[in-house]
Amino acid sequence: MVFKELREDIAAYMERDPAAKGPLMIVLCYPGFHALVFHKMAHWLWERRLYLAGRLVSHLGRMLTGIEIHPGAEIGQRFVIDHGNGVVIGETAVIGDDVTLYHDVTLGGTAPSVDSAAQVGQKRHPTLEDGVIVGSGAQILGPITIGSHARVGANSVVTKDVPSSVTAVGVPAKVVMPRDKEKAREFQAYGTPSGDCPDPVLQTIEALRQQVATLAERVEELEDELEAKEDKQVAPAAKVRRKKVG
Ligand SMILES: CC(C)(COP(=O)(O)OP(=O)(O)OC[C@H]1O[C@@H](n2cnc3c(N)ncnc32)[C@H](O)[C@@H]1OP(=O)(O)O)[C@@H](O)C(=O)NCCC(=O)NCCS
């Protein structure tokens with residue numbers, strides 16, 4: 001069972017990291033994979049209320065990989081952390097299947113100054129549904145939900161729920177475009193669609209931009225024509241006035 005899961009995890013790295021050259025490389029050289037193995041052990045201990053042992057295993061994992069995953073965090077199948085350094089995943093975070101994180105991502109809590117005893121057992125960290133991709137440096141804070149197959153842009157700060165199958169970017173993060181729900185199910189390395197598969201929404205926006213540019217040119221032409229006509233009408237009137245004065 002555990003070996004089947006690990007085989008699936010390795011296959012997920014092969015599938016999602018264009019730089020992966022073989023399963024052995026992943027087993028030996030991928031800190032994200034190592035952190036996941038440590039987390040599986042730490043979580044197993046945590047669930048059996050062996051809190052100190054769980055925390056120690058997760059601490060060891062953090063020292064060796066630079067990735068901090070609290071042993072209480074729930075993580076689904078085929079979870080990939082690419083590069084990984086600086087990733088922090090909080091105690092009550094929940095991560096679905098086929099989720100991908102890049103380095104320096106925080107799945108953190110908010111309001112750390114609030115009475116910490118009252119927060120025990122409360123959900124304080126985010127939930128990432130299946131297929132979510134989170135770009136490097138993104139901070140996802142609080143007990144919010146990132147809907148399935150959504151993408152969070154690099155360095156974004158997310159403090160509100162994000163719907164399924166959309167892209168959220170910026171500080172604070174805003175949805176920039178809806179995605180085709182079927183296309184969104186396919187994994188795209190770095191969350192970015194490849195050039196030979198253009199996004200239909202972007203294509204529509206581009207077509208609209210071109211139409212607006214054509215209309216603007218036409219309006220300019222009409223304004224020039226109108227101005228020329230007005231000049232012609234003004235010129236004879238001025239001549240008549242000059243004759244009267246003379
Ligand atoms: C968010 C992301 C997935 C969007 O990719 P995309 O679908 O190709 O989208 P586009 O590049 O067409 O961007 C759409 C809009 O969002 C903006 N945008 C994209 N990523 C952004 C980001 N991280 N922060 C702020 N704005 C961003 C673009 O400027 C563009 O805005 P515009 O229409 O006003 O010009 C991608 O930009 C991203 O951040 N991927 C993560 C990459 C990463 O972490 N790599 C690390 C690998 S080591």
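Counting starts at 1 for both ligands and their atoms, following the listed order. Residue numbers count from 1 along this sequence.
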Sub-4.0 Å atoms of ligand 1 with respect to non-hydrogen atoms of [X]:
| X | value |
| --- | --- |
| Gly153 | 1 (C), 23 (N), 39 (O) |
| Gly135 | 41 (C), 44 (O) |
| His83 | 48 (S) |
| His103 | 48 (S) |

If you measure every N or O of Val152 against every N or O of ligand 1, does any of those distances drop under 3.5 Å?
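Between Val152 and ligand 1 (N or O atoms, distance only) the closest approach is not under 3.5 Å.
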
Should Glu5 and Lys40 count as an ion pair when the cut-off is N to O under 4.0 Å?
yes

Quick one: do Lys229 and Glu225 make a salt bridge, cutoff under 4.0 Å?
no

Could you check if a side-chain atom of Val80 sits within less than 4.5 angstrom of a side-chain atom of Phe33, using non-hydrogen atoms only?
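Not touching, per the 4.5 Å side-chain cut-off.
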
Do Ile146 and Thr127 make a side-chain contact, defined as non-hydrogen atoms from C-beta onward lying under 4.5 Å apart?
no

Is Asn155 near ligand 1, meaning one of its heavy atoms is under 4.0 Å from it?
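Asn155: no contact with ligand 1 (<4.0 Å).
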
Below a 4.0 angstrom heavy-atom separation, can you tell me which part of Ile133, side chain or backbone, both or neither, approaches ligand 1?
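For Ile133, no heavy atom sits under 4.0 Å from ligand 1.
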
For atom 21 (C) of ligand 1, which candidate among Val105, Val169, Asp17, Val134 holds the nearest heavy atom?
Val169

Nearest option to atom 2 (C) of ligand 1, as decided by whichever heavy atom of Val175, Asp104, Val176, Thr167 sits closest:
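When every heavy atom of Val175, Asp104, Val176, Thr167 is considered, Thr167 comes closest to atom 2 (C) of ligand 1.
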
Identify the heavy atoms of [X] and [Y] that sit nearest to each other, and give their distance.
| X | Y | answer |
| --- | --- | --- |
| Tyr13 | Phe79 | CE1-O, 4.0 Å |
| Gly131 | Val99 | N-CG2, 4.0 Å |
| Ser58 | Pro71 | OG-CD, 3.6 Å |

